[in-house]
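Position 1 is the first residue of the sequence; numbering continues from there.
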Amino acid sequence: MERDQVRSGPAGSRNSVSLATFNVLHGRQVREGRPVPPSAADAERPLAEAVASLDADVVSLQEVDRFQERSGLTDQARVAAEAARAEDWRYASALHGRSGLGQGWVLDPSEPGLRVYGPVDGAPGAAPPSHGIALLSRLPVREWRAVRLAPAPLGMPLRVVGRPGLTVVRDRPRAALAAVLQGRRGPFTAVALHLSFVPGWNARQLLALRALIADLPRPHLLLGDFNLIGAIPRAVLNAAELLDPSRDRPTRRYGWRDLASVPTYPSHRPVLQFDHLLASGLPQDAEYAKHAPRTPISDHRPLVVDLRV
């Protein structure tokens with residue numbers, strides 16, 4: 001099904017809801033795998049244009065800055081929400097501290113690991129700089145939940161944009177945001193997440209998020225950078241469903257499924273899928289279209305799916 005066959009009109013009047021996940025790399029522009037020097041005079045525009053181009057009703061963003069010098073001291077979640085025309089949104093800080101381009105984090109020991117900010121929160125200076133995730137919605141939101149996920153005890157050698165070869169990277173805390181949204185067919189739950197890059201630890205975090213939303217309305221939709229490739233996230237969740245005696249048979253019948261099997265990384269020549277939209281309890285007639293467009297920012301491509309929910 002083509003995307004233009006599914007969507008028509010503003011959110012709330014068309015036949016589908018569009019959902020997107022995007023690791024935005026703090027709005028950093030990347031060309032052919034190489035980072036572009038940032039422009040302090042125009043720090044907001046690349047991120048705003050990239051998010052606006054998705055035209056999604058629900059957007060999960062990872063690697064979002066708030067009041068960081070490297071991203072022009074902007075509140076990137078607010079910039080993205082305005083670009084997406086999302087009236088309700090939340091930003092959850094995975095950590096408070098400062099990070100310069102090509103430098104490590106200097107954490108703020110006076111701040112707790114998790115704070116949740118929204119449309120009513122203030123301008124630069126009202127809170128310390130931080131880094132985290134955001135969930136933006138054009139749909140009415142009935143409830144918000146947030147959780148902080150502890151880092152793995154060990155780091156790993158990784159490819160880092162702008163650096164040759166492998167760089168040993170220490171794992172950091174992560175955050176996740178869940179929202180109960182009002183869809184055309186009733187309420188459903190969407191979760192924005194960014195899991196650890198450490199194998200095994202990220203699967204453990206995924207199962208913790210499954211438990212976090214167990215009592216929230218289904219369908220359940222997970223949107224984010226899982227740092228797990230291919231069918232692994234789905235397999236982990238479905239194994240947990242089979243072993244959980246509290247799940248009823250209708251829930252088990254639906255199970256978890258990938259809504260899009262599309263490579264998203266690296267953005268200039270994608271060969272791996274770290275970014276996923278997974279669903280459980282979705283009606284079988286929830287037809288969908290999917291695409292992973294290229295944008296001027298980030299080393300990931302966004303993933304966009306249209307659903308009837």
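Checked by atom type and distance alone, the side chain of Gln29 never pairs as donor or acceptor with a backbone atom of Pro296 at under 3.5 Å. Without hydrogens or angle criteria, Arg78 side chain to Asp121 main chain gives a donor-acceptor distance under 3.5 Å. In this structure, the side chain of Gln273 engages the main chain of Ala260 through a donor-acceptor pair within 3.5 Å. For the pair Gln205 (side chain) and Ser196 (backbone), a donor-acceptor distance under 3.5 Å is present. Counting only distance, with no hydrogens or angles, the side chain of Asp299 and the backbone of Pro266 share no donor-acceptor pair below 3.5 Å. Distance alone, capped at 3.5 Å, places no donor-acceptor pair between the Arg257 side chain and the Ala279 backbone. Checked by atom type and distance alone, the side chain of Arg145 never pairs as donor or acceptor with a backbone atom of Val180 at under 3.5 Å. Between the Glu44 side chain and the Asp75 main chain, no donor and acceptor come within less than 3.5 Å of each other. In terms of modelled atom types and a separation under 3.5 Å, the side chain of Arg148 and the main chain of Ala94 share a donor-acceptor contact. Of the possible donor and acceptor atoms, none in the side chain of Trp201 sits under 3.5 Å from a partner among the backbone N and O of Pro153.
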All N/O donor-acceptor pairs, side-chain side in residues 226-233, below 3.5 Å, sequence neighbours left out:
| from | atom 1 | to | atom 2 | distance (Å) |
| --- | --- | --- | --- | --- |
| Asn227 | ND2 | Leu195 | O | 2.8 |

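Asp275 and Thr264 are linked by a side-chain donor-acceptor pair at a separation below 3.5 angstrom, with hydrogens and angles left out of the test. No side-chain donor-acceptor contact under 3.5 Å links Ser130 and Tyr117. At a cut-off of 3.5 Å, with distance as the only test, no side-chain donor of Asp57 or Ser18 sits close to an acceptor on the other residue. Between the side chains of Thr295 and Glu49, no donor-acceptor pair of N or O atoms lies under 3.5 Å.
Between His26 and His131, the ring planes lie perpendicular to each other; the angle is over 60°, past the 30° to 60° tilted range.
Put simply, Val24 and Val36 are part of two different groups of oily side chains (I, L, V, M, F, W, Y) that touch within less than 4.5 Å, one to the next. The hydrophobic cluster containing Val271 also contains Phe274, counting ILVMFWY residues as joined when their side-chain heavy atoms lie under 4.5 angstrom apart, directly or transitively.
Across Leu303, Leu282, Leu278, a single residue satisfies side chain to side chain contact (heavy atoms under 4.5 Å, CB included) together with Leu259, and that is Leu282. Residue Gln62 forms a side-chain hydrogen bond (donor to acceptor under 3.5 Å, both in side chains) with just one option from Asn23, Asp225, Thr21, and that option is Thr21.
Taking 4.0 Å as the cut-off between side-chain N and carboxylate O, Arg294 and Glu32 count as a salt-bridged pair. Under the 4.0 Å criterion applied to side-chain N and carboxylate O atoms, Asp55 and Arg85 are assigned as salt-bridge partners. One finds no salt bridge joining Arg28 and Glu63 here, because no Lys/Arg side-chain nitrogen approaches an Asp/Glu carboxylate oxygen to under 4.0 Å.
Contact detail for Arg70 and Trp105: the closest heavy-atom pair is NH2-CZ2, 3.6 Å. Here the shortest heavy-atom pairing between Val64 and Ala134 reads CG2-N, 4.3 Å. Heavy-atom minimum distance, Ala292 versus Pro263: CB-O, 4.4 Å.
Rounded to the nearest 0.5 Å, atoms NE2 (His276) and CG (Asp258) are 7.0 Å apart. The distance from the CG atom of Leu136 to the CD atom of Glu82 is 11.0 Å, given to the nearest 0.5 Å. Here Asp88 contributes atom CG and Leu135 contributes atom CG; the two are 9.0 Å apart, rounded to the nearest 0.5 Å.
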Evaluate Ser16 against Asp306 for side-chain hydrogen bond (donor to acceptor under 3.5 Å, both in side chains), listing each step before the verdict. CA-CA 6 Å; Ser16 71; Asp306 293 326; 4.6 Å; no
